[in-house]
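This report concerns only the one structure given below.
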Amino acid sequence: MSYQQYLLEWFDKNKRQMPWRERRDAYSIWVSEVMLQQTQVDTVRPYYERFMERFPTVKDLASADKEEVYTYWQGLGYYRRADNLHKGAKVVAEQYDGVFPMEARLVKDIPGIGPYTMGAVLSIAFNLPYPAVDGNVMRVLSRQFLIDDDIAVAKTRKIFEAKVMSLMPEDARNFNQALMELGALICTPKNPKCNICPMQTLCMAYHEGAQTEYPVKSSKTKAEPEFYKALVIKKEDSIYLEKRKDEGLLASLWGVPLITLEQWEVVQKMGIEFEVLDQVKHVFTHRVWMMSPIVIEYNEKVQEIINRILQNTGEFVPEGQIKEYPVATAFTKILRKL
DNA sequence: AATCCGGGGGT
DNA sequence: ACCCCAGGATT
């Protein structure tokens, strides 16, 4: 049997069940692929179910408010994905009457669809022979064929795309998924399960005893912590939430106001009463927030702080209604402490 | 080519 | 503490 046949047979017997594998229309695959960007399957699963129940077709999504789409994305991270998916849905609904195009030159201009997602949707939904190279595929193929290009370098993806195309069988739909599934279940980053790997006898890294040396990936420097005060302004049963700016970190999401230590010096001189809670740590990919919650009861002086210090527009939200706002997890952590 | 953009899971 | 995850857009 050929390399491809071994892999396809293993996939047929061992693939996991997933909600998006019950469906084959391009919209359903598209939504799943966007949610799965840099996000593990088990994290996506509940979000996908809720999202597809609320937005079952591309036209349902296209006609929805951005704020509601964000609410369904709340907690999943990389919120620009939600914005771009929403914009992409409008493009497909308006330019293609809701029918997802089958040509690469059209697909690649849909917002939020890059090289990986294009290949994934075209192959999985339509069984077209396009590569879908993600982190799994680069790891699997780097070991199988001893490819030592640095996968942290952007152009390396093209090398793996060429490799996938040199191997591509007629069953593109299952071949691409099989490569990813092998990477997720067997050919894992740490402690790969070579002893039960269906590709063991064909794996060059295994023969060299060099599985752990692949893929080659340069490392990045770690982030320095940033220190803030998180203002929790209470007015009866309501808490002051602001909508963040429409660009940058956690863009357009809601949360309690964060102020720098310099701004905090100014606030303190205004003579207000407050209570300090335990510091909350929130880690992003490229930075770390250390937030000290400051609990303040609303009064006229506090209104002056809101007017003079806070940049974003906000409102007092009754505690029972906070769940209707797309609040980033960094701020949910603070609200949970109250 | 490098940087920005979340949050959670595994070791 | 560190790495990884079915990456894409922007600069």
Exercise. Counting only heavy atoms not in A/D278, do more than 12 fall under 6.0 Å of its CG?
Worked result: no
For this session: Nearest whole angstrom, please: distance from the P of B/dG8 to the OH of A/Y47.
Result: 7 Å
For this session: Look at all strands and tell whether A/G183 reaches a base, only sugar-phosphate, or nothing, counting heavy atoms closer than 4.0 Å.
Result: nothing
Exercise. Can you find a side chain N or O atom of A/R139 that sits less than 4.0 Å from OP1 or OP2 on C/dC5?
Worked result: yes
For this session: Please report, rounded to the nearest Å, how far the P atom of C/dA6 is from the CZ atom of A/R21.
Result: 11 Å
Problem set entry | Side chain of A/R80 - closest among C/dT10, C/dA6, C/dA1 | C/dT10
Problem set entry | Note: A/E275-A/K234 ion pair, threshold 4.0 Å (strictly below) | no
Exercise. How long is the line joining CD of A/Q74 and P of B/dG8, in whole Å?
Worked result: 9 Å
Exercise. Can you check the A/F175 CZ to C/dA6 P distance for me, whole Å?
Worked result: 17 Å
For this session: For A/D42, answer base if it contacts any base atom (sugar-phosphate contacts may also be present), sugar-phosphate if it contacts only those atoms, and nothing otherwise; contact means non-hydrogen atoms under 4.0 Å.
Result: nothing
For this session: Measure from the side chain of A/Y116, starting at C-beta and using heavy atoms only, and say which of C/dA6, C/dC3, B/dG6 lies closest.
Result: C/dA6
Problem set entry | Between B/dG6 (P) and A/Y78 (OH): distance, integer Å | 8 Å
For this session: Taking the six-membered ring for Trp and the full ring for Phe, Tyr or His, determine whether the centres of A/Y228 and A/W289 are under 6.0 Å apart.
Result: yes
Exercise. Mapping A/L253 and A/K155 to their closest nucleotides on DNA chain B, which lands nearer the 5' end?
Worked result: A/K155
Exercise. If you look at every strand shown and take non-hydrogen atoms under 4.0 Å, does A/A328 touch a base, only sugar-phosphate, or nothing?
Worked result: sugar-phosphate
Seminar exercise, completed: Residue pair A/E181/A/I113 against DNA chain C: nearer the 5' end by closest nucleotide is A/E181
Exercise. When we call it a touch if two heavy atoms are under 4.0 Å apart, what does A/R287 touch: a base, just sugar-phosphate, or nothing?
Worked result: sugar-phosphate
For this session: May I ask you to say what A/M18 touches in the nucleic acid, namely base, sugar-phosphate or nothing, with a heavy-atom cut-off under 4.0 Å?
Result: base
Exercise. Mind checking the P distance from B/dT11 to C/dA6? Whole angstroms is fine.
Worked result: 13 Å
Exercise. From the list B/dC4, B/dG7, C/dA6, which nucleotide is the closest neighbour of the side chain of A/Y79?
Worked result: B/dG7
Exercise. Considering only the P atoms, how many Å lie between C/dT11 and B/dG6, rounded to the nearest integer?
Worked result: 15 Å
For this session: Quick one: label A/N176 by what it contacts on the DNA or RNA (base, sugar-phosphate, nothing), any heavy atom closer than 4.0 Å.
Result: nothing
Exercise. Which sits closer to the 5' end of DNA chain C, A/T285 or A/K108, going by the nucleotide each is nearest to?
Worked result: A/T285
Exercise. Using a cut-off of less than 4.0 Å, is there contact between a side-chain N or O of A/N136 and OP1 or OP2 of C/dA6?
Worked result: yes
For this session: Remember a base hit wins even if backbone is also touched, and classify A/T117 as base, sugar-phosphate or nothing at under 4.0 Å, heavy atoms.
Result: sugar-phosphate
For this session: Ignoring backbone atoms, establish whether A/T39 has a side-chain N or O less than 4.0 Å from OP1 or OP2 of C/dG7.
Result: no
For this session: May I ask you to decide if A/S28's main-chain N or O and A/D25's side chain share a donor-acceptor pair within less than 3.5 Å?
Result: yes
Problem set entry | N/O (side chain, A/Q38) to phosphate O (OP1/OP2, C/dG7) under 4.0 Å | yes
Exercise. Once you round it to whole Å, what is the distance between P of B/dG7 and NZ of A/K281?
Worked result: 15 Å
Seminar exercise, completed: Re B/dG6: Watson-Crick or G-U wobble partner, both distances kept under 3.5 Å, found to be none
For this session: Classify the nucleic acid contact of A/T329 as base, sugar-phosphate or nothing, counting any heavy atom under 4.0 Å across all strands shown.
Result: sugar-phosphate
Problem set entry | Sidechain-backbone polar pair: A/D134 side chain, A/N136 backbone, donor-acceptor under 3.5 Å | yes
For this session: Keeping the roles fixed (side chain from A/R81, backbone from A/V34), state whether a donor-acceptor pair exists under 3.5 Å.
Result: yes
For this session: Rounded off to whole Å, could you give me the NE2-to-P distance for the A/H286 and C/dG7 pair?
Result: 18 Å
Exercise. Looking at the side chain of A/K217, which of C/dG7, C/dC4, B/dG6 is the nearest nucleotide?
Worked result: C/dC4
Exercise. For the pair made of NZ in A/K245 and P in B/dC4, what is the distance, rounded to whole Å?
Worked result: 16 Å
Problem set entry | Touch class at under 4.0 angstrom, heavy-atom based, for A/L76 against every strand present | base
Problem set entry | Electrostatic pair A/R80:A/D83 at N-O distance under 4.0 angstrom | no
Exercise. Between A/T43 and A/L249, which has a closest nucleotide on DNA chain B that is more 5'?
Worked result: A/L249
